[in-house]
Amino acid sequence: GEMNYIPVSIALIVTGIIVGLFVFFYPVSVMRMQVKFFEKLNWRVELISLQKEFNRIRHTGLYLVVLCLCAGVYIKFFLQ
């Protein structure tokens with residue numbers, strides 16, 4: 001039979017928006033998670049510009065939210 005992927009897609013979109021908002025509003029926490037992740041891989045992360053990294057992380061969160069919202073609009077208007 002044919003499977004309906006829309007509920008799964010909506011769940012992924014909502015998750016993406018939540019993660020994107022977390023990344024946007026808590027970039028310092030994201031930086032700490034990155035450092036811990038790379039330490040587990042036996043790498044040390046040293047930033048050259050804290051402000052550039054801060055901005056990059058916030059922009060990444062914003063892009064994720066926008067991408068998920070666009071996916072939601074696509075599902076709403078083109079897959080019904």
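If you're wondering where the values come from, they're calculated on a predicted model, not measured in any experiment.
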Heavy-atom side-chain contact between Leu50 and Met31 under 4.5 Å
yes
Hey, could you give me the CZ/CD distance between Arg44 and Glu46, rounded to the nearest 0.5 Å?
9.0 Å
Of all heavy-atom pairs linking Cys68 and Ile17, the shortest is CB-CG1, 3.5 Å
Going by heavy atoms in the side chains, are Ser49 and Phe54 under 4.5 Å from each other?
no
In the single-linkage hydrophobic clustering (I, L, V, M, F, W, Y; side-chain heavy atoms under 4.5 Å), do Phe77 and Leu67 co-cluster?
no
Got a second to check how far Ile48's CD1 is from Glu53's CD, nearest 0.5 Å?
10.5 Å
The reported gap from CG in Leu69 to CD1 in Ile13 (rounded to nearest 0.5 angstrom) is 8.5 Å
State plainly whether the residues Lys36 and Glu39 are in salt-bridge range, i.e. N to O under 4.0 Å.
no
Under 6.0 Å from the OH atom of Tyr26, do we count more than 12 heavy atoms belonging to anything else shown?
no
So, do Val23 and Leu64 sit near enough that their side-chain heavy atoms are less than 4.5 Å apart?
no
Are Val66 and Phe25 grouped together when hydrophobic residues (ILVMFWY) are joined by side-chain heavy atoms under 4.5 angstrom apart?
no
Looking at side-chain heavy atoms only, is the closest gap between Gln34 and Ile57 below 4.5 Å?
yes
Is there a continuous path of hydrophobic side-chain contacts, each under 4.5 Å between heavy atoms, that joins Val19 to Tyr63?
no
Heavy-atom distance under 4.5 Å between the side chains of Arg32 and Val35, does that happen here?
no
Taking C-beta and beyond as the side chain, do Phe22 and Val30 meet within less than 4.5 Å on heavy atoms?
yes
